[in-house]
Amino acid sequence: RALTKIGDVFPGTDMILVLRQDGSAVYCQLAADADQAEVISVVSSLKRAALQLADTLGQTQCPALHVKGGKNIFSCYDVGTEFTLAFFTPMSESELELFDTSQADTLIVPIIDELKILLQGSV
């Protein structure tokens with residue numbers, strides 16, 4: 001149920017992953033033509049790169065990450081210390097331009113909290 005609420009914050013989200021720290025998938029909802037192993041690899045690499053950048057800047061973590069493309073936004077959130085929630089949301093150029101990631105980060109907190117509870121014992 002928690003994952004279905006992502007669409008309330010990021011309307012149109014169509015690909016969702018929940019990954020363990022080791023990169024293995026707990027949950028994976030991808031487009032039919034997407035290569036699961038490749039998507040997981042790219043998401044894991046992007047998360048590692050964000051953590052390396054955070055470390056370079058003197059930060060110990062990177063709890064939220066957004067990458068806007070021409071037709072979509074990729075979002076990645078820490079779910080506690082053991083899991084990562086990542087998803088892709090298609091948007092038009094104007095929707096992307098107007099989308100407020102700071103507000104979305106606030107609205108996603110209850111969903112992250114619900115996921116933490118659901119994932120307890122799944123490490």
Side-chain angles (χ1 to χ4, degrees):
R1 173 87 177 113
L3 296 175
T4 61
K5 296 177 186 176
I6 293 169
D8 295 341
V9 180
F10 291 83
T13 295
D14 62 356
M15 293 200 285
I16 302 171
L17 299 142
V18 177
L19 303 176
R20 291 182 182 89
Q21 277 187 330
D22 67 4
S24 61
V26 175
Y27 178 84
C28 191
Q29 172 191 311
L30 299 177
D33 61 344
D35 180 323
Q36 180 175 334
E38 183 177 355
V39 172
I40 289 171
S41 175
V42 170
V43 168
S44 295
S45 294
L46 184 57
K47 180 64 178 176
R48 279 192 306 276
L51 289 170
Q52 287 174 340
L53 178 60
D55 186 53
T56 299
L57 298 173
Q59 303 296 312
T60 58
Q61 54 186 304
C62 181
L65 170 69
H66 302 285
V67 179
K68 289 184 179 182
K71 296 183 180 182
N72 59 55
I73 184 170
F74 167 75
S75 300
C76 186
Y77 292 94
D78 287 348
V79 181
T81 58
E82 301 294 328
F83 300 95
T84 298
L85 168 65
F87 50 90
F88 298 85
T89 307
M91 293 185 185
S92 69
E93 285 182 37
S94 59
E95 288 172 322
L96 278 168
E97 192 174 308
L98 297 172
F99 191 76
D100 184 349
T101 55
S102 294
Q103 180 183 19
D105 290 347
T106 299
L107 294 172
I108 203 95
V109 168
I111 297 168
I112 300 293
D113 289 343
E114 187 175 341
L115 277 174
K116 285 180 195 174
I117 293 167
L118 292 171
L119 290 168
Q120 285 178 346
S122 296
V123 180

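Among residues at least two apart or in separate chains, salt bridge (Lys or Arg N to Asp or Glu O under 4.0 Å) pairs with a member in residues 22-50 are Lys47-Asp78. Among pairs with a residue in residues 94-119, those fulfilling ring-ring contact (aromatic ring centres under 6.0 Å, His included) read Phe10-Phe99, at least two apart in sequence or across chains. For residues 52-72, there are no salt bridge (Lys or Arg N to Asp or Glu O under 4.0 Å) pairs, not counting sequence neighbours.
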For residues 108-118, which side-chain N or O atoms pair as donor and acceptor with protein atoms under 3.5 Å away, sequence neighbours left out?
from, atom 1, to, atom 2, distance (Å)
Glu114, OE1, Lys5, NZ, 2.7

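In this view, Ser102 satisfies the side-chain hydrogen bond (donor to acceptor under 3.5 Å, both in side chains) rule with no residue, not counting sequence neighbours. Remark: Gln21 engages no residue in a side-chain hydrogen bond (donor to acceptor under 3.5 Å, both in side chains) (not counting sequence neighbours). Evaluation of the side-chain hydrogen bond (donor to acceptor under 3.5 Å, both in side chains) rule for Thr13 yields Thr89 as partners, not counting sequence neighbours. Taking Ala54 as the reference, Gln59, Cys62 meet the side chain to side chain contact (heavy atoms under 4.5 Å, CB included) condition, with sequence neighbours excluded. Residues meeting the side-chain hydrogen bond (donor to acceptor under 3.5 Å, both in side chains) test with Asp105, sequence neighbours left out: His66, Tyr77. Gln103 pairs by the side chain to side chain contact (heavy atoms under 4.5 Å, CB included) definition with Asp100, Leu107, not counting sequence neighbours.
Summarising the geometry of Arg20 relative to Ala25, their closest heavy-atom pair is NH1-O, 3.8 Å, with the distance given to 0.1 Å.
Residues Val26 and Leu119 are in side-chain contact: their nearest non-hydrogen atoms beyond the backbone lie under 4.5 Å apart.
Within the hydrophobic cluster formed by Ile, Leu, Val, Met, Phe, Trp and Tyr side chains joined at under 4.5 Å, directly or through other members, Leu57 is accompanied by Leu53. As a member of the Ile/Leu/Val/Met/Phe/Trp/Tyr network built from side-chain separations under 4.5 Å, Leu30 groups with Met15, Leu17, Leu19, Val39, Ile40, Val43, Leu46, Leu65, Val67, Phe74, Phe88.
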